[in-house]
Structures are given as structure tokens and as C-alpha cells.
Amino acid sequence: RRESPGLTRTPHSSVSFTPLQSLFGIITPSGLHFERHHAGMPDIDPHQHRLMIHGLVAHPRIYTMDDIVRFPSVSRVHFIECGANTGMEWGNVAVPTVQYTHGMLSCSEWTGVPLSTLLDEAGIDRKKAKFVLAEGSDGAALTRTVSLQMALDDVLVCYGQNGEMLRPEQGYPLRLLVPGVQGVSWVKWLRRLEVG
């Protein structure tokens, strides 16, 4: 498979757990946020990164990071939970702390652009469109779909977390934020949105 310019991958899967038992308040510091990826973590040059929006739209778009950050931004506090949270308990394994039983859960202040803003600019076909497929730049080119109704409600295309740019392990330079669903739908290293 051809790689995009400025894109390299770390070849391993990774998981880390948030030390919930040691935190104060509800915000998880970015450096302690749990990490989960399955097919390597891409090393993306933000100056080369693009987000494409296409499919059932009147005006397909390709955005640079400079384009994205020029849109009016919003910040919201949301928690994210991996679908495998509590997985260490599934095998009845004795674990020492809540970090290992429930540590694939974190809460951050996320900053980005409402997906509805980008979809409105692209001119979605509201008569035919039902879903938005999001694709990441990881080794598996992870894809997930969200309903158009959800996409137009409170989904964000994020570039910031807790007052700083996303960290590479959290999807730098872009990730989807989809409140109310498990973390696997919060596609990291976001590069493509297809309306279908």
C-alpha cells in the first residue's frame, strides 16, 4: 500500500491505562490519558496532512490543517471509554488497582470544529445521505460509520486536547469525537470523511 508523503508508522500495537486511582478531579492530564491502537501509530507531518470530505456532497473538499484551524472552534469536556475497558477482569484475573480494571477511560477538554460545519460547507445531499464513514491514517486504515443525524448533532473534528494540540498517541493532528459511543468510533489520525 502506498504511503502519503510525510507519513511513517510505528509497527506495533499499544495499550496503556489511565491511573484513575491517582487523579484529582474529572480531567485526565493528556500525558496520563489511556492509549490504544491496533496497527501502529502513524508519524504525521501536519503540513502534509489532509482531510478529504467526499461522497454525497455537492462540493468535495480537501482541507489542510491551516484550513481546519481557521474555522470557529468549540471546546467541550467529554469522557472516552475503550470498548475493552474492564477487559482485565474478563478472565477473573486478580488485578492490583483500578488502573488495570477500568483504566481505559479518560476525560478531557476537546477542541475542534463541529463536523456539521464542515459537512454544511461541502453541501451534503440531505435527501440521500444517511451515514458518514470516517477513515484514519493508522496501519489498518481504521474506518467507522456514524449516522448523519449524529454527525450533524455534536460530533467534532478535534485538533486540541486539554489546552494543547493532540498528542500523537491521541490522533494528532486530527481525530473524530463522537459523544455517546465507545472510543473505537473516535477515529484517530483522521484523513477522510465519506458521506453515503
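- Listed for the Trp110 side chain is a donor-acceptor partner under 3.5 Å among the backbone atoms of His78.
- Residues meeting the salt bridge (Lys or Arg N to Asp or Glu O under 4.0 Å) test with Asp120, sequence neighbours left out: Arg126.
- A distance of 10.5 Å separates CD1 of Ile62 from CD1 of Ile53, quoted to the nearest 0.5 Å.
- With contacts defined as side-chain heavy-atom distances shorter than 4.5 Å, the pair Ile44/Ser137 qualifies.
- In this structure, Cys158 SG and Lys188 NZ are separated by 13.0 Å, a value rounded to the nearest 0.5 Å.
- When all heavy atoms are compared, the tightest approach of Val195 to Ala129 is CG1-CB, 3.5 Å.
- Looking at Leu174 and Leu166, their side chains never come closer than 4.5 Å, going by heavy atoms from C-beta outward.
- Think of Leu133 as one node in a network of Ile, Leu, Val, Met, Phe, Trp and Tyr side chains linked at under 4.5 Å; it has no links at all.
- Using a 4.5 Å cut-off between side-chain heavy atoms of Ile, Leu, Val, Met, Phe, Trp and Tyr, Phe131 forms no hydrophobic cluster with any other residue.
- Of all heavy-atom pairs spanning Gly136 and Val187, the tightest one is N-CG1, 3.4 Å.
- Taking the side-chain contact (heavy atoms from CB on, under 4.5 Å) definition, one finds that Glu164 meets it with Ser30, Arg167, sequence neighbours left out.
- Applying the salt bridge (charged side-chain N to carboxylate O under 4.0 Å, His left out) definition to pairs two or more places apart or across chains, those involving residues 70-80 are Asp67-Arg70.
- Side-chain contact between Thr145 and Val132 is absent, with no heavy atoms from C-beta onward closer than 4.5 Å.
- In plain terms, the two heavy atoms of Arg191 and Ala141 that are nearest each other are NH2-CB, 3.5 Å.
- Note that CG of Leu177 and CG of Leu115 are 11.0 Å apart. Values are rounded to the nearest 0.5 Å.
- Residues Gly112 and Tyr159 come closest through the heavy atom pair CA-CE2, 3.7 Å.
- The list of side chain to side chain donor-acceptor pair (under 3.5 Å) pairs with a residue in residues 146-157, not counting sequence neighbours, is empty.
- For Lys130, there are no side-chain contact (heavy atoms from CB on, under 4.5 Å) partners, not counting sequence neighbours.
- Here the straight-line distance linking atom CG of Leu119 with atom CG of Leu152 works out to 6.0 Å at 0.5 Å rounding.
- Side-chain contact between Thr111 and Val74: absent, with no pair of heavy atoms (C-beta onward) separated by less than 4.5 Å.
- Evaluation of the ring-ring contact (aromatic ring centres under 6.0 Å, His included) rule for Tyr63 yields Phe71 as partners, not counting sequence neighbours.
- With sequence neighbours excluded, no residue forms a side-chain hydrogen bond (donor to acceptor under 3.5 Å, both in side chains) with Ser185.
- Within the 4.5 Å cutoff, side-chain heavy atoms of Met150 are placed close to those of Val181.
- None of Pro179, Ser116, Pro114 except one satisfies the side chain to side chain contact (heavy atoms under 4.5 Å, CB included) rule with Leu156; the exception is Pro114.
- For the pair Met41 and Asp138, the minimum side-chain heavy-atom distance is 4.5 Å or more.
- Every residue meeting the side-chain contact (heavy atoms from CB on, under 4.5 Å) condition with His54, not counting sequence neighbours, appears here in chain and number order: Met52, Pro60, Arg192, Glu194.
- With hydrogens and angles ignored, the 3.5 Å screen pairs a side-chain donor or acceptor of Trp189 with a backbone N or O of Pro168.
- In terms of modelled atom types and a separation under 3.5 Å, the side chain of Trp186 and the main chain of Val178 share a donor-acceptor contact.
- Using a 3.5 Å distance cut-off with no hydrogens or angles, the side chains of Gln161 and Ser108 do pair a donor with an acceptor.
- Residue pairs meeting the salt bridge (charged side-chain N to carboxylate O under 4.0 Å, His left out) criterion with at least one partner in residues 51-61, sequence neighbours excluded, are Arg61-Glu121.
- The side-chain contact (heavy atoms from CB on, under 4.5 Å) check on Asp125 picks up Leu56, Lys127, Lys128, with sequence neighbours excluded.
- Here the side chain of His49 pairs a donor or acceptor atom with the backbone of Leu190 at under 3.5 angstrom.
- Put simply, CD on Glu109 and CG on Asn162 are 6.5 Å apart, with the number rounded to the nearest 0.5 Å.
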